[in-house]
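All figures in this text were calculated on a predicted structure; none of them were measured in a lab. Within every chain, numbering begins at 1; the chains are lettered A, B, ... in the order of the sequence lines, protein sequences first and strands thereafter.
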There are 2 protein chains.
Amino acid sequence: MRSTKQRNVILDIINNSYDHLDAYGVYEEARKQIPNISLGTVYRNLKSLENAHLIDIVYDGADKIRYDKKDFHQHFVCSKCHKIIDIYDLNFENINTYKNNIVMNCKIILEGICEECQKEE
Amino acid sequence: MRSTKQRNVILDIINNSYDHLDAYGVYEEARKQIPNISLGTVYRNLKSLENAHLIDIVYDGADKIRYDKKDFHQHFVCSKCHKIIDIYDLNFENINTYKNNIVMNCKIILEGICEECQKEE
DNA sequence: CTTCTAACTAGTAATGATTACTATTTAAGT
DNA sequence: ACTTAAATAGTAATCATTACTAGTTAGAAG
C-alpha cells in the first residue's frame, strides 16, 4: 500500500474525528483539504484502510456504514435515531442502562479469519 | 401491526433458518410459499419485524445486511469471506481463537433507546 | 538524479440494494 | 356485513457503492 496524499488525509480525518462519519461525510471533510478529491477515491481508500486494519467499521442500524478510528472501545446505538455513542467504561454488571440510555440488546461480534480462509495462503 | 400471510411466512423463514439470509434470500424462500410476493413487501416486513424486536440484524462486514432469529448468541464474522458463524459458547478467557478461527477484533454493541428519544413519547 | 512500472487518482458510467409510489386488497374492529 | 386503516403487488425512483478508463505518481532500481 503506497502512501498518497489522499489516503493520508482520509486516515487523518477519521483519526481526528469524534463523529462516526459515513463515506460521504469523509468525502466532504476531505474536500476541504483536497477540493477535487473523488468520491470513488474515498470509498477505495476506506476499504483498503479497513483491510489493513487501520480503521474500523460501525454499522448504525439504519443501512449506513460508518467509519471509526482504531481505538478499543464499544458502542451504544440508538434504535430510534441511530445515534452512536462511544463507550469507554463498559460495565457488564449493570448492563440494562448505560448513562441514562436504555439498553435492550447486546451484540458481541468477533472478527477474524475463519478456518477455511487460513488455509488459502 | 396486523398479522398477514406474508409477514407470518417471512418470520417463519427467519426463525427456522440456520443461515443468515439477506433480504433477497428471504424473498427467494418466501416465493416458494407465496409465488407472487413482492420484494418490497419483504423489505417492508423485515424492517417492521426488526422494529418490533421480533428479528435481529447482522452486518456481515461486506455491505450486506443479514437477518437472524431472536435467540441470544454471538457471531464470528470472517474478514475475508464474510462467513458468519453462530457462537453459543463464548468464552472471554481465551478470546484469541474460537474453534480454529483466528479472532482479531471483538466488537460489542449495545442497542437501545437513547436519552433524547426516551423523552419524545 | 533519471527511468520504470505497478499502484493510485479523477471523473464518469454502471450496478444493485433499498425505498417510494399507486391502485388494489384485506385484517380485524364495530 | 360494513368500514377503514394497514398491507400488498408491481413498478419506478433513489442513492450508496463499485467499475471503468485514461492519465498521474510513489517509490524502487539502476
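- Ring geometry for A:His20 against A:His75 counts as perpendicular: the plane angle is over 60°, on a 0 to 90° scale with 30° as the lower cut.
- One interatomic measurement links the two molecules: NZ of B:Lys47 to P of C:dA20, which rounds to 8 Å at whole-angstrom precision.
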Listing time: all N or O pairs from protein to nucleotides 20-23 of chain D that are below 3.5 Å?
none

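- Panel note: side chain A:Arg66, backbone A:Asp60; no donor-acceptor pair is recorded below 3.5 Å.
- Formation of a donor-acceptor pair under 3.5 Å by the A:Lys107 side chain with backbone atoms of B:Ile57 is found in this model.
- Put simply, the side chain of A:Asn91 gets close to the backbone of A:Glu93: a donor and an acceptor are under 3.5 Å apart.
- One interatomic measurement links the two molecules: CG of B:Asn45 to P of C:dA27, which rounds to 13 Å at whole-angstrom precision.
- Ion pair A:Lys32/A:Glu29 flagged as a salt bridge, since at least one NZ, NE, NH1 or NH2 atom sits closer than 4.0 Å to an Asp/Glu carboxylate oxygen.
- In this entry the distance linking OH of B:Tyr59 with P of D:dA16 reads 14 Å, nearest Å.
- Figure legend: B:Lys69 and B:Tyr18 shown as a cation-pi pair, the cationic atom lying under 6.0 angstrom from the six-membered ring centre and within 45 degrees of its axis.
- Applying the side-chain hydrogen bond (donor to acceptor under 3.5 Å, both in side chains) test to every pair with at least one member in residues 8-17 of chain B, sequence neighbours left out, gives these pairs: B:Ser3-B:Asn8.
- The side chain of B:Arg2 lies closest to C:dA27 when the candidates are C:dA27, C:dG11, C:dC8.
- For A:Thr41, counting side-chain heavy atoms from C-beta on, the closest listed nucleotide (C:dA10, D:dA9, C:dA17) is C:dA10.
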For this session: Given side chain to side chain contact (heavy atoms under 4.5 Å, CB included), test A:Ile65 with A:Tyr59 step by step and report yes or no.
Result: CA-CA 5 Å; A:Ile65 303 303; A:Tyr59 177 63; 3.9 Å; yes

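- The interatomic distance linking B:Leu39 (CG) with D:dA9 (C1') rounds to 11 Å, in whole Å.
- Listed by residue number, B:Thr4, B:Gln6, B:Arg7 are the residues of residues 4-25 of chain B with a heavy-atom contact under 4.0 Å to DNA chain D.
- Between B:Tyr43 and C:dT19 there is no side-chain polar atom (N or O) within less than 4.0 angstrom of OP1 or OP2.
- Rounded to whole angstrom, the span from the CE atom of A:Met1 across to the P atom of D:dA28 amounts to 14 Å.
- For B:Glu50, there are no salt bridge (Lys or Arg N to Asp or Glu O under 4.0 Å) partners, not counting sequence neighbours.
- Between A:Asn36 and C:dT9, a side-chain N or O to OP1/OP2 separation shorter than 4.0 Å is absent.
- Other members of the hydrophobic cluster containing A:Met104, listed by chain and number, are A:Ile102, B:Ile113; membership follows side-chain contacts under 4.5 Å among ILVMFWY residues, whether direct or relayed.
- Proximity of a side-chain donor or acceptor of B:Gln6 to a complementary backbone N or O of B:Ile34 within less than 3.5 Å is not detected.
- Comparing the end axes of the helix from C:dC1-D:dG30 to C:dT30-D:dA1, each fitted to five base pairs by superposing C1' atoms of four pairs onto the next four, gives an inter-axis angle of 50° (nearest 10 degrees).
- Atom CD1 of B:Ile65 and atom P of D:dT17 are 10 Å apart (whole Å).
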Problem set entry | side chain to side chain contact (heavy atoms under 4.5 Å, CB included) assessment of A:Leu46 paired with A:Tyr27 | CA-CA 10 Å; A:Leu46 288 171; A:Tyr27 171 63; over 6 Å; no

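- Note: CZ (B:Arg66) to C1' (C:dT18) measures 16 Å, nearest angstrom.
- The distance from atom CZ of A:Arg31 to atom C1' of C:dG11 is 13 Å, rounded to the nearest whole Å.
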